[in-house]
*Asks:* 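Sharing a structure below in structure tokens format, with a few things to ask.
The chains referred to below are lettered A, B, ... by the order of the sequence lines, with proteins before strands, and numbering in each begins at 1.
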Amino acid sequence: MSDKFREYKQLDLSQINKDVLKRWEEDDTFHKSISTREGNPTFVFYEGPPSANGMPGIHHVMARAIKDTFCRYKTMKGFRVHRKAGWDTHGLPVELSVEKSLGITKEDIGSKITVEEYNAACRREVMKYTKEWEQLTRQMGYWVNMDDPYITYDNRYIESVWWLLKQLFDKGLLYKGYTIQPYSPAAGTGLSSHELNQPGCYRDVKDTTAVAQFSVIRDEKSEFLYEGVDSPLYFMAWTTTPWTLPSNTALCVGPKITYVKVKSFNPYTGEPMTVILAKDLLASHFNPKNAEIPFDDYKPGDKKIPYQVLEEYTGAQLAGVNYQQLIDWVKPDGDAFRVITGDFVTTEDGTGIVHIAPTFGADDDRVAKQNGIAPLLVIDKDGKKQPLVDKRGRFYTIEEMDSAFVASNVNAQSYGEWSGRYVKNEYDETLDESYSTVDVDLSVMLKKDNKAFKVEKHEHSYPHCWRTDKPVLYYPLDSWFIRTTAVKDKLIALNNTINWKPQSTGTGRFGNWLENLVDWNLSRSRFWGTPLPIWRTEDGAQTKCFGSVEELFAEIEKAVAAGVMDKNPYAGFEPGQYEPANYDKIDLHRPYVDDIVLLADNGEKMFREPDLIDVWFDSGAMPYAQNHYPFENKEKYQPAEGRGVFPADFIAEGVDQTRGWFFTLHAIATMIDESVAFRNIISNGLVLDKNGNKMSKRLGNAVDPFDTIEKYGSDPLRWYMLTNSAPWDNLKFDVGGVDEVRRKFFGTLYNTYNFFALYANIDGFSFEEDEIAVAERPELDRWIISLLNSLVKEVSESLENYEPTRAGRAISEFVNENLSNWFVRLSRKRYWGGEYDKDKLSAYQTLYTCLVTVAKLAAPLAPFYSDQLYTDLNKLTGLEPDQSVHLAEFPTANDALIDKDLEQKMDIAQRASSMILGLRRKERLKVRQPLAKIMVPVLNGRFKEQFEAVENIILSEVNVKEVEYLTDTAGIIKKKIKPNFKTLGPKYGKIMKQIAASVAQFSQTDIAELEKNENFSLNVADQQVELTPADVEITTEDIPGWLVATEGELTIALDINISDELKQEGIAREFINKIQNIRKESDFEVTDRINVKIMKHDFYNQAVENFKDYIGSQTLCEELRLVDSLKDGEGQLVEIDQDVEAGIVVEKNR
RNA sequence: AGUCCCGUAGCUCAGCUGGUUAGAGCGCUACACUGAUAAUGUAGAGGUCCCCAGUUCAAGUCUGGGCGGGACUACCA
């Protein structure tokens, strides 16, 4: 063990990073931080699994710094912290990068490459950057348990996921339905949004559009609309796809949009009518000039059609009104033909009323479901429900429909001629461009039926299939869904119990998302992912969902026994045996599961539903699947005592996960356990480049975390990210800021430590003396201890509230402003020279305590340097029982040591000193020149008492001999008065401005009177105003005839007359300074004794003689002589005053 | 398009429940200090608190509406 505190030549945080890492590894500190908390309450953290198929970026440092900070903090608070690492391994990005690296497309899977080979490639690809990730985790000091990470492709993980799906299936929350997706009839395939966003897919095309008239049904719900109406009443709705009109089942209005009822004539038939449309769009359908035309003058066929606005309604009022089906081909089953409201409705184009065909529009489908509107479906020969248009893009033929359905629901007469027609001519190779389209023919039909208001060509952007160049349809496709809407209320209720940081994300983005919840579409047509564990007979009548490998294994055995399968592909697997080796024998991925054919209870064959599940389900399942629950670790979920591993106390990820991981965690936990998955959450913002642009490799503005850590060390990087802006604000990342943190915060802290070490080593301080009671320590020490305890309080509160930014900023402010710039600066003299007395000891003990406490407070945020600082301090003193700061207990504040009055006093001292230094500078009076006195006007006793307490500190700081307190009896102080708006405002309100004006006019006599009587009456705007001292702020402004500075309520005058005595002392201090410089330049040890010779000069001979002892004591000079001359080349010249130079020789005393 | 975040000095950010000279750091300029020394201190210059309306005696702060940047979710008659 060393007998000295370690001293540094310079601060190398990058090296410290490496040293500390090495020590952590040698001492196994991370595991100790858990094992030493054995039996304590747990703190559960969930790691949102990253995908290792991409390189980690600087933004990962951000999220992980936050995570790490709170896990370390809770550890220091005594909790046993759970934090298991994990990897997200499934999904489209993996598939895409495999395809890129193999140079294949999805088309090639199964032909150029087998599914087996493809999957094997995915498995390799997904862990490609594991090493880099682990390295970053290590280097940045992110403590997470990587011994046994969860991996979503692992069979055991998948098994837990299956178990969860089975629970949902059993609860009736898993069902097969459809969703509206882009679909290419020509290619016979659904398209992903990714494919749709290929260049050239959206093209401007001219389509026939129609404004149709939907006839209102007159009943009690619509009666209010008939006021003043004497012709048939219609809603008007516009569509760019008239072929969807036969599938219309609702009309949608904006609840806040204003609609008008207009009396006019149908332009094609000339029939009188009354129509409803959005007020904002009136002018685009009715020419305002025609409003003047008398109705009687109108004849059918006239170009100018008169109209008259009868009434206005809001969309909300229209909701619920029923209308007649526009085209009566097929009757829907269920509620339909009703006006509903939707927020997405605008008045930008059309009529402000949107035609809803739930089978052919995503918005339509959603809004219809929310309002209980049925889609228009037909039943085919197999008994399956189908939209009116089949997958080839044709209206279903009557022959292909179920005959009973045709009899009950289909109007064969009107539908007949349309049956089998392609809705887009492009789908029929035999048709040329001249052939009229369904859109046109339907529009013509509507015109004839008095149901069309306007039919015209309209150019708009429409998506096309990138493979066939033909238009895409939005089409319902089969998918498996989780019925999250069934638990919507529960989701919302549970969300309200979660502590969101920031709160607005929880109530806003996340809360709104829950309010507008739709069922979770679980299906993905992919290859690399968790397969849906559902087998069905071909007709879909029999369904089995498996919640474990064991169940599936048993069914396979049954199928093999019945001869449905040749052999069990999972033969050799031992059900119920949970060793990894056992699970390595099987593969639950495609294509292996696809080959499994099972036997239904009725003897039919069952095939797996080919979909994979949404990868978000994988990650949302991690609270369970990371522990292979419920197959293993079941006891951790229902612990006999204390807390188990569910739910999490804390999670943190980017705000982009709100509808991703945050939602899936929340949804799964709610559905499985009616519990939250996490209690506290920080959703952090993005890391942008310094100009506020998104970082990307392509733009070359991405910052490499490894380089940054290598250069600066992790601590400044982490500190910068955590303190520069609140975690939930976006961070404009600027390396310059990291460097600033290094200099400002770590540099200062390091300097403070080094200063301490330097003198402590000289004096042999090792904190072996008894601790001096705080009450017995000097004012300055009690002050910094008070601030330190206030700091502990603030940091603890901030971290308890998940606000790392506040914590970090408070620590930094303490270290820079108070500890270094005030405490150490004022205490310097206490450390160097002099006796090793109680004051010196107190100075050491106080500084030591501050440093070690700061190390602990900063440890969660800056784990490396804090540990180094802690270790350097503790190595010698052995005061702390723990070998690492991360095993130590987090400090707790001692309220008894917080002295707000003292903090106030020191604040006065700091401000007074800086004001006096300001005055000196103005007069070009060096601080080395002592001055006689300062004068301070005193307005009340309390102020005087406070000032007196810190008088000596101020005087020595500014090098002035004494303070003179001025009471105002002498009348030499000029005062200033200002109204106190906070007290007067509420009392006098409106006349506040006049009062302020009157008060500003107060004379010195007025002010004196107010102070004396503690009351002053004013008459303002015929109102009596009573002022008490509390209603005004009286400050001193000036002391005529003196050099004065004023700041707030503090006024100080400086006496700048310099007596001979003072002048001499100034000269003496000048010499001290010069001699000290020479000592330093000559590389003398701080403790070396010296002899000094000074060549005589009338300017300073007297001063040197008079202050000989003083100079000697300050510079450790044994012998100080004034000499007549110096030898040539001996000594050096120093400037003592303007144009006065002294020859001086400084020698070591041997 | 909807939801959410952000907009204060050249840059990065504070500014608590509204209260009258709008702050800090960096950068710039000047000066000072000096046995913490590749440090440090003090000051100066630098502001349309994004814009417009409203509430109020009083708005950087509250309300409404815009504008700009960003994120997510949707893609539409």
*Asks:* Rounded to the Å, how far apart are A:R6 CZ and B:A36 P?
*Replies:* 21 Å

*Asks:* Between B:U48 and B:U8, how far is it from one P atom to the other, in whole Å?
*Replies:* 11 Å

*Asks:* Quick one: is B:C13 close enough that its OP1 or OP2 comes under 4.0 Å of any side-chain N or O from A:N724?
*Replies:* yes

*Asks:* Strictly below 4.0 Å: does A:R743 bring a side-chain N or O up to OP1 or OP2 of B:G27?
*Replies:*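 Yes, A:R743 has a side-chain N/O under 4.0 Å of OP1/OP2 on B:G27.
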
*Asks:* So what does A:G985 touch, heavy atoms closer than 4.0 Å: a base, only the sugar-phosphate, or nothing?
*Replies:*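 A:G985: base contact, heavy atoms under 4.0 Å.
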
*Asks:* Could you check whether A:Y8 and A:D872, counting side-chain N and O atoms only, form a donor-acceptor pair closer than 3.5 Å?
*Replies:*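 Short answer, yes.
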
*Asks:* Can a donor-acceptor pair under 3.5 Å be found between the side-chain atoms of A:T658 and the base atoms of B:A71?
*Replies:* no

*Asks:* Classify A:R809 by what it touches in the nucleic acid, base, sugar-phosphate, or nothing, heavy-atom distance under 4.0 Å.
*Replies:*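 Sugar-phosphate only.
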
*Asks:* Using whole Å, what does the distance between atom P of nucleotide B:A36 and atom CZ of A:F823 come to?
*Replies:*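 A:F823 atom CZ is separated from B:A36 atom P by 15 Å.
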
*Asks:* Which nucleotide in the set B:U37, B:C26, B:C4 lies at the smallest distance from any side-chain heavy atom of A:N512?
*Replies:*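 Selected nucleotide (nearest to the side chain): B:C4.
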
*Asks:* Which nucleotide sits closest to the side chain of A:N730: B:C13, B:A36, B:G70?
*Replies:* B:G70

*Asks:* Applying a 4.0 Å non-hydrogen cut-off, can you work out what A:N980 is touching in the nucleic acid: base, sugar-phosphate, or nothing?
*Replies:*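 No contact.
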
*Asks:* Could you tell me if the side chain of A:L245 sits less than 4.5 Å from the side chain of A:F214, heavy atoms only?
*Replies:*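 A:F214 vs A:L245: side chains touch.
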
*Asks:* Could you measure between the two P atoms, the one in B:C16 and the one in B:C6, and give it in whole Å?
*Replies:* 13 Å

*Asks:* Choosing from B:C57, B:C13, B:A71, which nucleotide comes nearest the side chain of A:M992?
*Replies:* B:C57

*Asks:* What is the base-pairing partner of B:U40, counting Watson-Crick and G-U wobble geometry with both distances under 3.5 Å?
*Replies:*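 B:A32 is the nucleotide pairing with B:U40.
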
*Asks:* What's the CG-P distance between A:L826 and B:G41, to the nearest Å?
*Replies:*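 The answer, rounded to whole Å, is 13 Å.
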
*Asks:* Suppose you measure atom P in B:U63 against the same atom in B:G10; what distance do you get, rounded to whole Å?
*Replies:*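 28 Å, rounded to whole Å.
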
*Asks:* Describe the nucleic acid contact of A:T748 in one word from base, sugar-phosphate, nothing, applying a heavy-atom distance below 4.0 Å.
*Replies:* nothing

*Asks:* In terms of side-chain heavy atoms of A:S725, which of B:C13, B:C57, B:A39 is nearest?
*Replies:*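 When the side chain of A:S725 is considered, B:C13 is the closest of B:C13, B:C57, B:A39.
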
*Asks:* Rounded to whole angstrom units, what separation is found between the OH atom of A:Y720 and the P atom of B:C11?
*Replies:* 14 Å

*Asks:* Has A:Y750 got a side-chain N or O lying under 4.0 Å from the OP1 or OP2 atom of B:A36?
*Replies:* no

*Asks:* Please give the distance between the C1' atoms of B:G15 and B:U3 as a whole number of Å.
*Replies:* 28 Å

*Asks:* Are any of A:S504's side-chain N or O atoms less than 4.0 Å away from OP1 or OP2 of B:C5?
*Replies:* yes

*Asks:* Both A:P502 and A:R659 contact RNA chain B. Taking the nearest nucleotide for each, which residue is further toward the 5' end?
*Replies:*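 Nearest nucleotide further toward 5': that of A:P502.
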
*Asks:* Let me know the distance between CZ of A:R806 and P of B:A24, rounded to the nearest Å.
*Replies:* 21 Å

*Asks:* Between P on B:C5 and NZ on A:K501, what's the gap in Å once rounded to a whole number?
*Replies:* 14 Å

*Asks:* Rounding to an integer number of angstrom, what distance separates B:C75 and B:G65 when you compare their P atoms?
*Replies:*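 So the two P atoms sit 26 Å from each other.
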
*Asks:* Nearest to the A:Y474 side chain among B:C75, B:U17, B:U20, which nucleotide is it?
*Replies:* B:C75

*Asks:* Measuring only the C1' atom in each nucleotide, how far is B:G69 from B:G46? A whole number of Å is fine.
*Replies:* 24 Å

*Asks:* In whole Å, what separates the P atom of B:A36 from that of B:U21?
*Replies:*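 Rounded to whole Å, the distance is 41 Å.
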
*Asks:* Parallel, tilted or perpendicular: which fits the ring planes of A:F756 and A:Y848, with parallel below 30° and perpendicular above 60°?
*Replies:*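 Answer is tilted, since the angle falls between 30° and 60°.
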
*Asks:* Closest nucleotide of RNA chain B for A:D729 versus for A:I1075: which of these residues is on the 5' side?
*Replies:*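 Mapping each residue to its closest nucleotide by heavy atoms, the 5'-most match is A:D729.
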
*Asks:* Across all strands shown, which nucleotide pairs with B:U17 by Watson-Crick or G-U wobble geometry, both distances under 3.5 Å?
*Replies:* none

*Asks:* Classify the ring geometry between A:F733 and A:Y720 as parallel (under 30°), tilted (30 to 60°) or perpendicular (over 60°).
*Replies:* perpendicular

*Asks:* Taking atom types as modelled, find out whether A:D207 and A:T240 have a side-chain donor-acceptor pair closer than 3.5 angstrom.
*Replies:* no

*Asks:* Assess whether ring pair (Phe, Tyr, Trp, His ring centres under 6.0 Å) is satisfied between A:Y183 and A:Y475, documenting all intermediate values.
*Replies:* CA-CA 6 Å; A:Y183 179 82; A:Y475 196 86; 5.2 Å; yes

*Asks:* Return the pairing partner of B:A24 with a 3.5 Å limit on both distances, Watson-Crick or G-U wobble; otherwise return none.
*Replies:*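 When the pairing criteria are applied, B:U12 turns out to be the nucleotide that pairs with B:A24.
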
*Asks:* Base, sugar-phosphate or nothing for A:N821? Non-hydrogen atoms, less than 4.0 Å.
*Replies:*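 Sugar-phosphate, backbone atoms only, no base.
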
*Asks:* Just the rounded figure in Å: distance from P of B:A71 to CD of A:E653.
*Replies:*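 My rounded result for the distance is 18 Å.
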
*Asks:* Rounded to whole angstrom, note down the C1' distance from B:C67 over to B:C50.
*Replies:*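 About 7 Å, rounded to a whole number of Å.
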
*Asks:* Among B:U12, B:C5, B:A36, which nucleotide sits nearest the side chain of A:K732?
*Replies:*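 Nucleotide nearest to A:K732's side chain: B:U12.
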
*Asks:* Looking at every strand, decide which applies to A:R1069 at a 4.0 Å heavy-atom threshold: base, sugar-phosphate, or nothing.
*Replies:*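 Counting heavy atoms under 4.0 Å across all strands, no contact is made by A:R1069.
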
*Asks:* Whole angstrom is fine here: how far is it from CZ in A:F756 over to P in B:A36?
*Replies:*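 Atom CZ in A:F756 sits about 15 Å away from atom P in B:A36.
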
*Asks:* Please give me the minimum heavy-atom distance between A:W243 and A:L442, naming the atom from each residue.
*Replies:* CA-CD1, 3.7 Å

*Asks:* Considering only NZ, NE, NH1 and NH2 on the basic side and carboxylate oxygens on the acidic side, decide whether A:R809 and A:E813 come within less than 4.0 Å.
*Replies:* no

*Asks:* Let's see if you can work this out: which of B:C26, B:C13, B:A36 has an atom nearest to the side-chain heavy atoms of A:K744?
*Replies:* B:C26

*Asks:* Taking any strand in view, what nucleotide pairs with B:A71 in a Watson-Crick or G-U wobble way, both distances under 3.5 Å?
*Replies:*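 B:A71 is paired, partner B:U3.
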
